[in-house]
Amino acid sequence: MSVFDKLVERSARKLAHNTSRRSLLTKLGMALSGAAVVPLLPVARAAAEDGGYPGVGKQSTGNLQDPGDPTSCDYWRYCAIDGFLCSCCGGSANTCPAGTEMSPITWIGTCQNPADGRAYIISYNDCCGAPECSRCMCNRNEGDRPMVRPQASNDINWCLGTTNISYTCSTAVVLGVALEE
Amino acid sequence: MTIKSAKLQSALALVMALGLSACSESDTPSSAEKQKTSEVQPQTSQELAAAFPEPLVEEEMGISRKLNTPYKDTWVVIHDANFNSMIDGRFIVMDSGSISHAFKGIMHGGMVGALAVSQTRGEIYIATTYHSRGISGERTDIIAIHDTASLEKTAEIIVPAKRGANMPFKASFRLSNDESLSFNYNFTPASSISVTDMGARKFLTEIPIPGCTLAYPMGAKGFASMCGDGTMMGVSLDASGTVIAETHSTEFNDIDKDSLFLKNARFGDRLYFPTFTGNMQPIDLSTDTPKALDKWSLLTDAERAENWRPGGWQLIAGDTGDVFYILMHPNGAEGTQKNGGPEVWIYNAAEKKRIGKIELKTWGLSLAVASDRLIVTNAEMQLDIYDLTTNTYAHTYGDGLFTPFIVYTGQGQ
């Protein structure tokens with residue numbers, strides 16, 4: 001049984017995500033998430049390992065319970081992200097840049113927060129509709145699976161259900177705490 | 001002709017000669033040319049002309065080359081999906097057998113397209129997606145048809161605008177084994193296959209493949225898809241695209257513990273899919289029901305203890321016999337399955353036996369095999385070419401590439 005199936009989501013914010021399409025997908029087990037297309041690049045990962053990307057200014061959430069630099073590939077929420085970090089592109093870890101719209105469906109990962117020790121369900125919604133941001137390419141694949149399990153696959157461009165399929169960057173939105181059933 | 005125009009003509013001829021000499025078919029300057037170059041000292045125009053009594057001949061304008069077909073077996077088609085501007089992907093015909101004159105031609109790839117080649121019709125097909133205003137406007141999904149000799153786009157077939165927008169996969173667009181139909185993988189996120197009659201150039205029908213993904217050609221006109229329940233689905237069709245049989249294999253893919261990659265090496269009706277932890281799962285597609293054959297290990301116990309694992313994007317490629325090549329990395333773990341690797345291991349599929357290893361010059365991410373050449377997409381996004389007669393590095397094909405994650409053979413495999 002999938003680790004995702006064993007997890008239940010506990011979040012007061014859950015209702016806020018209930019577009020009809022999303023709830024239908026949730027029922028189908030096609031969990032939501034997003035992150036696109038640009039893969040691998042150990043180079044990109046390596047670039048991020050010293051704390052950030054060349055020419056990209058560091059950021060902080062200002063919240064001790066949400067530690068790390070959202071412009072670094074090592075930021076805790078990015079454990080299964082694949083794409084350009086919206087934090088480097090005029091958005092943030094949970095918002096899209098101006099001129100883009102957030103994909104309503106996407107894929108999810110489960111990442112541990114080093115500050116409070118909890119495992120969180122992270123939704124990797126893509127931001128769509130503008131050109132590729134091309135900054136802060138980050139690819140991490142913990143829990144990633146091939147497209148036979150789309151809800152756990154970062155090989156998919158989730159800019160579907162949006163006005164057009166152009167991918168700009170990836171967010172990592174906290175959906176709630178993940179608990180073993 | 002006035003003196004002025006004669007001079008202009010000469011200047012033009014010189015420019016053209018310089019340009020054309022750069023694309024002449026000789027690989028290196030001849031020794032005579034080298035000698036002449038080294039002997040030339042600053043002299044008057046008259047003295048220079050004396051060495052060459054006849055001027056260069058006037059040349060014809062407006063020539064575009066055509067490629068020789070069928071392509072040589074070292075020719076490949078690079079898919080550069082251009083991830084920094086995905087609407088502007090490209091397919092490049094390249095000869096992996098030579099560093100000189102390796103670039104043969106280029107075709108537009110739209111947004112993360114996929115390619116197939118018909119041997120019988122001499123056509124290249126590119127399934128792709130466009131919006132009417134670049135990244136915005138009305139979406140149209142097409143199968144572009146290019147002539148293999150001129151590379152010109154000669155026609156297009158409009159298909160449902162549902163193509164899966166995902167990383168490039170060969171199995172997202174395939175011809176049937178008899179080349180009469182094509183299969184386009186759709187993801188909306190409902191998954192289906194669009195079936196197109198490639199002879200009549202006409203979209204026929206859409207076949208739902210709930211919970212399954214991609215299309216691996218099976219039988220004359222059918223396909224198999226990999227499914228989320230751990231099985232493989234088989235769909236057999238007639239010429240009109242009507243389903244004759246729909247089957248499922250038994251469950252063989254443990255997606256949680258040891259997932260199959262969706263890439264494979266194919267030998268006839270046998271498809272070889274590696275798994276995340278280093279096993280090999282052959283699938284037999286010789287009947288209308290996909291059948292999982294015995295899984296076997298790519299690793300010795302010692303290698304397993306060192307966590308050697310397969311990894312990369314197009315991490316496996318087969319030759320035309322029974323030999324496959326696979327990218328391997330040590331210290332593998334959950335999440336390293338797309339990292340690529342420093343070595344390529346070579347196996348005889350029929351004998352289930354490793355027959356060689358290549359330590360790569362530069363870390364590899366994807367593989368292709370064309371005749372006696374191994375083409376490795378390296379971590380710097382250039383293509384390293386290895387000579388498979390000696391299993392050694394031959395040369396690097398570089399410059400002008402952005403993200404060439406997939407390389408097809410000249411036959412579209």
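Chain letters run A, B, ... following the sequence lines, proteins first and then strands; every chain starts at 1.
With a 4.5 Å cut-off on non-hydrogen atoms, Thr129(B) touches chain A through its side chain but not through its backbone. Of the two parts of Leu260(B), only the backbone, made up of N, CA, C and O, holds a non-hydrogen atom closer than 4.5 Å to a non-hydrogen atom of chain A. Heavy atoms closer than 4.5 Å to chain A are found in the backbone of Cys227(B), but not in its side chain.
Taking a 6.0 Å sphere around NZ of Lys291(B), one finds it holds 12 or fewer heavy atoms contributed by other residues, nucleotides or ligands. A 6.0 Å sphere centred on CG of Asp399(B) holds no more than 12 heavy atoms belonging to other residues, nucleotides or ligands.
Between the CG atom in Asn339(B) and the CG atom in Asn139(A) there is a gap of 7.5 Å [rounded to 0.5 Å]. The distance from atom CD1 of Ile165(A) to atom CE of Met86(B), rounded to the nearest 0.5 Å, is 9.0 Å. A distance of 12.5 Å separates CG of Leu160(A) from NZ of Lys162(B), quoted to the nearest 0.5 Å. The structure places OG of Ser153(A) at 10.0 Å from CE of Met167(B), a figure rounded to the nearest 0.5 Å. If you take CG on Asn157(A) and CG on Asn166(B), they are separated by 8.0 Å, rounding to the nearest 0.5 Å.
Taking all atoms of both residues into account, the shortest heavy-atom contact from Ile135(B) to Gly129(A) is CD1-O, 3.3 Å. Of all non-hydrogen atoms in Lys338(B) and Asn141(A), the two that sit nearest each other are NZ-OD1, 3.2 Å. Between Glu142(A) and Glu334(B), the shortest heavy-atom distance links the atoms C-OE2, 3.9 Å. Arg145(A) and Ser259(B) get closest at one heavy-atom pair: CD-CB, 4.0 Å. When all heavy atoms of Phe84(A) and Asn84(B) are compared, the closest pair comes out as CZ-OD1, 3.5 Å. The two residues Ile255(B) and Val148(A) come nearest to each other via the heavy atoms CD1-CG2, 3.8 Å.
Heavy-atom pairs under 4.5 Å with chain A peak, among Met226(B), His131(B), Lys257(B), at His131(B). Between chain A and the options Gly134(B), Gly335(B), Gly137(B), heavy-atom pairs under 4.5 Å are most frequent for Gly335(B).
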Just do the side-chain contact (heavy atoms from CB on, under 4.5 Å) check on Phe169(B) and Met147(A) with the steps written out, would you?
-> CA-CA 11 Å; Phe169(B) 280 91; Met147(A) 297 192 306; 3.4 Å; yes
Test log, rule side-chain contact (heavy atoms from CB on, under 4.5 Å), inputs Val112(B) and Tyr167(A) | CA-CA 12 Å; Val112(B) 194; Tyr167(A) 163 78; over 6 Å; no
In sequence, state the C-alpha distance, the side-chain angles, and the governing distance for Asp229(B) and Arg149(A), and then conclude on salt bridge (Lys or Arg N to Asp or Glu O under 4.0 Å).
-> CA-CA 9 Å; Asp229(B) 62 1; Arg149(A) 188 175 282 167; over 6 Å; no
